[in-house]
Structure formats: C-alpha cells, structure tokens
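For reference, the structure is listed below as structure tokens.
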Amino acid sequence: MNRINELFASNGDRRILSIYFTAGYPALDSTLAIAETLEKAGADFLEIGFPYSDPVADGPVIQHSSEVALRNGMTLQRLFEQLSNLRKHVSIPVLLMGYVNPVLQYGVERFCQSCSDVGVDGVIVPDLPMYEYEELYRPVFETNGLSNIFLVTPQTSEARIRKIDELSNGFIYLLSSSATTGKNLSVSERTEAYFSRIQAMQLKNPVVIGFGISDRGTFLRATDYADGAIVGSAFVKLLGEADYMERIPEFIRQLKD
Amino acid sequence: MSEYQVNDKGYYGNFGGAYVPEMLYPNVEELQQQYLQIIQRSDFREEFDQLLRDYVGRPSPLYFAKRLSERYNANIFLKREDLNHTGAHKINNTIGQILLAERLGKKRIIAETGAGQHGVATATVCALKGLQCVVYMGAIDIERQAPNVARMKMMGAEVIAATSGSRTLKDATNEALRDWINNPVDTHYIIGSVVGPHPYPDMVARFQSVISAETRKQLLEKTGRETPDYALACVGGGSNAAGMFYHFLDEPSVSLVAVEAAGKGVHSGESAATTVLGREGVLHGSRSIVMQTDDGQVVEPYSISAGLDYPGIGPQHAWLHKTGRATYACITDDEAMRAGLLLTRLEGIIPAIESAHALAQLEKMVFKGGENVVVCLSGRGDKDLDNYMKYFGF
C-alpha cells in the first residue's frame with residue numbers, strides 16, 4: 001500500500017481533488033513551495049509535471065508552462081534534487097507526470113529508484129505503451145512501490161479498459177473527452193453516458209476524471225461519477241499571476257466547498 | 001520476412017513502436033489493424049496504380065546522366081521523382097493515404113509540412129477527392145515558403161500556423177498530432193515521412209516503394225541487371241530513401257547510401273546530421289535516433305534545405321544504420337549547393353536542395369569505372385530558386 005492506495009481506501013464519500021502543476025514553473029525553485037501550499041490549502045494529492053520540449057497531448061497553457069520551465073533550467077535531475085526533502089514538507093500522495101523520452105534518457109530503472117528515494121508514489125507517462133510497461137518495466141515499478149497510472153478516453157474499448165484495470169494499482173485516469181489539456185468540460189448526454197458506462201463496469205481501481213475540470217461546477221459534475229477529479233490547466237494559469245502563492249488557498253477553497 | 005522490415009509488433013529491431021498517449025491509441029490501432037488489408041485489396045491497388053500512372057505521371061524516368069557519369073567515372077542514373085505531379089516524391093504517399101482515408105470513411109484530412117512540398121501534395125489529393133484539408137506549417141516556414149502556401153490555399157486547404165516552440169516542422173507535427181487528438185473519429189492524419197507511430201513508417205515506405213520497384217525494371221532494360229551497385233538518397237525523415245532502398249534491402253550486393261544534412265558543418269551547432277549527433281529516443285510516436293539534450297529535450301536542427309531540417313529519422317533508418325545495412329553520410333549546405341549547380345550545368349536539371357545533398361555525395365565516392373549508381377532525384381528545384389539565387393549571387 002502506498003499513499004495513493006491509502007488515500008482511496010480511507011476516503012469514504014469524499015470527493016477527491018488532485019492538482020497538476022509543472023515543475024520549474026513559474027520559477028525554477030517554485031516546485032516544493034507550491035506543493036506545500038497546495039497541501040495546506042486542502043488538495044488531496046498532487047501531480048507534478050516534468051517538462052518536455054514536444055508535449056503533444058497538451059494545450060497552450062501547459063505547453064507554455066513547459067517552455068518556461070525548460071528555459072528556467074528544469075531537468076529530471078534537478079527535479080529529484082528539489083524533491084529530496086519532499087517528505088519533510090508534504091504528506092499527501094505525489095505523482096510525477098510527463099512524456100516518455102526524458103524518462104528513457106534518465107533511465108527507467110534509475111527514474112523509478114529516484115522516485116522511490118524522494119517519496120513519489122506514482123507515475124503518469126501517457127506515451128509509454130501499455131505493452132512495454134507490461135513486458136519490460138512492471139517489475140521495476142512494483143519493486144519501487146510506484147503506481148503506474150493509465151489513461152482511458154471515450155474511445156477506449158471495453159476490453160482495453162479491463163486490461164488497464166488489471167494492470168493498474170492506484171487509480172484510473174479517466175479523460176472527460178478525447179482532447180488535449182485545457183479545454184472546458186461540457187457534460188453533454190454523451191459524456192454522462194460515457195461516465196455512467198465506466199461506473200457500471202465496477203472497476204477494481206478508483207477512477208479519477210481529468211481534462212476540462214476548471215471550477216466548482218465541473219469538479220462536482222465529474223465527481224458525481226468518479227472518486228475524484230484533477231485540475232490542471234486552470235491551476236497552471238493561476239501560476240502565471242504575480243501573486244499566485246497568496247491565491248492558492250482561495251483557488252482550492254472555491255473548488256472544494 | 002526481411003530482417004530490415006517491420007515486425008508484427010511494429011518494430012524494426014528495437015526501433016519503431018507506437019509511443020502515443022491513450023487519446024491517439026484508437027486512431028493508431030485502427031490503422032494498425034486495417035492498413036495492410038486495405039492496401040492489398042484489388043480495388044485499392046487498381047485505383048492507386050491508375051492514379052500514379054495517369055495523375056502523377058509514373059513511371060518516373062530513370063535517366064542515364066551521361067556528363068555526370070563521365071565526371072565521376074561511373075554509370076550514374078537519376079530516378080526522376082522531380083518529374084512527378086507537384087514536383088517531388090511526396091505525392092506517391094499522399095495518393096496512397098487519401099485512398100486509405102476514403103476507405104476508412106474519413107471526412108477530414110490533416111497534415112504537417114516543412115517546406116510545403118508534403119502540404120502541397122496533401123492539398124492536391126484532397127482537392128482530387130473533395131475532402132476537407134487542414135495543413136499545419138511552422139509560422140517561420142510560412143514566411144519562408146510563400147509560393148507553396150499559396151498553392152495549398154488555391155487548392156482549398158486551410159493552412160494553420162504552428163506558433164509553439166521553434167515554429168518549424170517539428171512543431172507543425174506536434175500541432176497536427178494535437179488536432180488528431182481533438183478530432184479522433186472523422187479525421188485521418190497524412191504523415192509525410194517514414195516517421196510517427198507504427199504503422200506510419202511501414203505504410204509510407206510501402207507507398208514510396210514504387211520508386212525502387214520501377215528502378216529495378218528500368219535498370220534491367222538499361223543495364224541488363226535489376227540491381228545497381230549503389231543506391232543513394234537524401235534523408236530528412238527519410239521517405240524518398242525508404243522508397244529507393246525498399247526493394248534492394250535484401251540484395252547485399254547493393255550498397256545503400258543515405259545522405260543527411262550537415263548544415264554549416266556536423267559539429268557547428270547548426271546541423272541536421274541525426275545519426276552523428278543523435279541518440280536513441282522517442283520522437284513523434286516512435287523510438288529512433290533523435291537529436292536531443294542529455295535530459296531528453298529535442299534539439300532544433302538546421303539545414304539550408306527545409307526538407308532535411310528534422311531532428312530525427314524514421315525508425316527503419318535507425319535500424320539500417322545500427323545494423324550497418326545502409327551507410328549514413330552527411331553533406332554540408334555548401335557542398336549541396338555546389339552539387340545542385342553542377343547538375344544544372346551538366347545536365348540541365350535544377351534539383352531540389354534536398355536531392356542535391358544526395359548528388360553531393362558522389363564527389364566523396366571513389367569509383368573504379370563501370371559501377372551502376374542510382375541517385376534518387378527526389379524533387380525539383382523550382383521551390384529553391386530564391387535560395388540558389390541568393391547563395392550564388394545570380
């Protein structure tokens with residue numbers, strides 16, 4: 001059981017809120033302070049993005065944050081250095097999220113080891129193929145106590161969702177629509193049918209909805225169908241403001257109550 | 001099954017694969033499951049062959065370049081892809097993919113383009129088939145390649161500027177992939193080179209393989225042998241080279257020479273010599289050789305030729321490089337420009353600067369005399385006139 005499993009095991013009826021932000025944005029060393037502030041403000045778990053030069057699944061807001069972070073000098077090596085004191089400051093679950101190429105260059109085994117050393121609980125690498133994880137990397141993830149999180153979209157087949165459920169050991173990341181990040185969630189009948197379809201599958205893993213969750217309304221609608229929801233672009237947008245640190249508590253409060 | 005062709009899991013050795021986020025998985029899976037079945041169907045073959053013949057103008061001639069041959073002391077043959085409709089080999093692939101898209105019931109086509117040749121070839125087949133066409137092009141390339149932008153627009157395509165990152169081909173490809181993520185059901189993405197997730201590298205190579213299929217027949221007629229001693233082609237992503245090499249891969253007597261762009265010098269910091277400067281990594285959905293930092297951030301390449309200005313190569317090329325089946329050379333801007341002018345003066349053919357890189361490699365090769373050498377003249381130089389004029393001060 002890592003922190004992710006414990007969180008979902010003990011949550012009861014609570015709607016879980018996760019926040020995504022890009023490491024090294026807006027400043028190279030802002031990562032840990034933002035994480036700490038988010039926990040105090042009431043976020044339930046965190047996804048820290050490590051930047052990549054070619055983020056094809058991301059919309060303009062997260063693309064921009066990645067560009068700035070890279071210009072600031074953020075690398076995986078730096079991020080792990082910054083997170084070396086993570087568990088002195090932050091107790092909620094933390095996941096790292098990013099693209100596969102920086103992980104391959106860092107070395108998958110070394111990456112998992114570094115995650116474990118600093119107290120990271122899970123990893124989301126959307127362009128790591130499922131069969132490569134299964135064939136090559138699963139043991140090293142498991143040895144290091146890491147949850148590998150898979151994405152599911154409205155187009156993902158039922159058989160594949162079952163397979164993902166079998167391979168997952170943290171939660172399943174349900175995309176509200178097939179889209180790049182930063183689009184607004186509009187819950188149409190079709191989206192509701194899709195959410196309900198997933199709900200009815202009674203997956204063994206908790207389900208967390210992401211993409212398009214930007215305010216209280218979309219957070220509530222998503223968590224009517226899932227254990228939790230993730231806010232990304234809307235929060236990264238806030239980090240672009242000069243007084244972002246003072247505004248984080250209010251941002252979380254208006255989402256949660 | 002050739003050890004140089006894609007295996008049933010979508011890999012060439014350890015290269016290739018489909019490194020795509022889940023949002024693209026259904027699109028890619030649909031192609032993986034259907035592409036072979038569709039392109040081997042007789043209705044597909046017939047229409048493909050008929051369009052290549054009557055619309056593109058194939059077979060393209062295999063021209064014996066007499067004066068060039070005298071200069072290099074070998075029998076130099078030029079595979080004249082420059083004579084194709086729209087002026088380059090790119091149309092072979094877009095014809096194939098538009099027929100595939102039609103059979104998959106797609107209504108909307110997207111593409112990326114660097115210099116605009118693939119964009120024009122895509123806009124052309126969309127006009128031919130009456131399908132909606134959106135082309136992503138780096139904002140910087142839109143400025144540099146105004147005539148091709150005009151051609152695409154005239155054919156009814158919408159040209160969207162990629163304004164992220166370096167605003168060139170790599171970023172245009174990112175934007176096209178984002179469009180595909182956001183339009184997963186009705187849209188087909190026509191990738192222009194042998195790059196991208198499986199099955200694109202294999203699919204594009206198959207459509208381009210007409211180049212070497214014809215070359216074999218034409219060589220037999222002209223030399224009495226189906227195979228040359230050398231086959232040369234330039235490589236950006238590597239689609240004309242993949243087509244030129246395709247039917248010679250399992251003929252060990254044929255030396256395959258791929259020519260990358262060394263820009264202002266391989267180690268000048270302004271180069272696109274991927275096999276020299278790159279390391280194994282993932283770019284645009286496949287594992288290959290990629291120009292990147294130690295941290296895995298993709299580096300911006302440079303070449304005077306916009307078509308070779310790409311920080312990776314197709315996964316099959318990475319494998320041919322690793323196994324040593326093909327030799328990867330590189331040619332600087334200056335060498336390519338001189339070779340372009342030389343062909344113009346000796347044979348009356350103005351080559352695309354991309355193709356001029358392959359021609360420049362002849363200068364570096366030593367022939368005994370009598371060897372048969374085929375160079376893929378992948379495109380014509382009309383689009384490059386400004387560049388030639390400026391470079392030589394005409």
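A note on names: the letters A, B, ... follow the listed sequences, proteins ahead of strands, and every chain is numbered from 1.
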**Message:** Is D294(B) in contact with chain A via its backbone, its side chain, both, or neither, using a 4.5 Å heavy-atom distance?
**Reply:** backbone

**Message:** Quick check for you: among V125(A), V103(A), V152(A), L104(A), which has the greatest number of heavy-atom pairs under 4.5 Å with chain B?
**Reply:** L104(A)

**Message:** At a 4.5 Å cut-off on heavy atoms, which part of Y106(A) comes close to chain B: side chain, backbone, both, or neither?
**Reply:** neither

**Request:** Please flag which part of L175(A) lies under 4.5 Å from any non-hydrogen atom of chain B: side chain, backbone, both or neither.
**Result:** side chain

**Asked** Which region of E29(B), side chain (C-beta onward) or backbone (N, CA, C, O), has a non-hydrogen atom less than 4.5 Å from a non-hydrogen atom of chain A, or is it both or neither?
**Response** neither

**Request:** Hey, could you give me the CD/CG distance between Q155(A) and L24(B), rounded to the nearest 0.5 Å?
**Result:** 10.5 Å

**Message:** Below 4.5 Å, heavy-atom pairs only: which of E132(A), Q77(A), R78(A) has the largest tally toward chain B?
**Reply:** E132(A)

**Message:** Distance check, rounded to the nearest 0.5 Å: D54(A) atom CG versus S164(B) atom OG?
**Reply:** 8.5 Å

**Asked** Is it the backbone or the side chain of V56(A) that comes under 4.5 Å from a heavy atom of chain B, or both, or neither?
**Response** both

**Request:** May I ask you to check whether over 12 heavy atoms, not counting those of Q34(B), lie within 6.0 Å of atom CD?
**Result:** yes

**Distance-only side-chain donor-acceptor flag, N182(B) / T180(A), under 3.5 Å** = yes

**Item:** Sidechain-backbone polar pair: N101(A) side chain, G281(B) backbone, donor-acceptor under 3.5 Å
**Value:** no

**Asked** Looking at OH of Y25(B) and CE of M130(A), how far apart are the two atoms once the value is rounded to the nearest 0.5 Å?
**Response** 6.0 Å

**Request:** Please round to the nearest 0.5 Å and tell me the distance separating atom OH of Y99(A) and atom CG of L283(B).
**Result:** 13.0 Å

**Request:** Just give me the residue among R160(A), Q63(A), E67(A) that pairs up with chain B most often, heavy atom to heavy atom, under 4.5 Å.
**Result:** R160(A)

**Side-chain heavy-atom pair Q105(A), Q297(B) within 4.5 angstrom cut-off** = no

**Message:** Could you go through K9(B) and E135(A), starting from their C-alpha distance and side-chain angles, then the distance that decides it, and tell me whether this counts as salt bridge (Lys or Arg N to Asp or Glu O under 4.0 Å)?
**Reply:** CA-CA 13 Å; K9(B) 295 208 157 44; E135(A) 302 272 309; over 6 Å; no

**Fill in**
Residues Y52(A) and G296(B): closest non-hydrogen pair is CE1-O, 3.3 Å

**Complete:** Looking only at heavy atoms, the pair that brings A18(B) and Y131(A) closest together is N-OH, 3.8 Å

**Request:** With a 4.5 angstrom heavy-atom cut-off, could you sort out which part of V298(B) is near chain A: side chain, backbone, both or neither?
**Result:** both

**Message:** Does either side chain, that of E22(B) or that of Y173(A), offer a donor lying less than 3.5 Å from an acceptor on the other one?
**Reply:** no

**Message:** Test your reading of the model: is there a side-chain donor-acceptor pair from S178(A) to the backbone of P184(B), 3.5 Å cut-off?
**Reply:** no

**Prompt:** Do you know which of V299(B), D295(B), V290(B) has the most heavy-atom pairs with chain A at a distance under 4.5 angstrom?
**Reply:** D295(B)

**Message:** I'd like to know whether V282(B) forms a side chain to side chain contact (heavy atoms under 4.5 Å, CB included) with V100(A), so could you lay out the CA-CA distance, the side-chain angles of the two residues, the decisive distance to 0.1 Å, and finally the verdict.
**Reply:** CA-CA 7 Å; V282(B) 169; V100(A) 71; 4.0 Å; yes

**Asked** Do R178(B) side-chain atoms and P55(A) backbone N/O form a donor-acceptor pair below 3.5 Å?
**Response** yes

**Prompt:** If you draw a 6.0 Å radius around NZ in K183(A), do more than 12 non-hydrogen atoms from other residues or ligands fall strictly inside?
**Reply:** yes

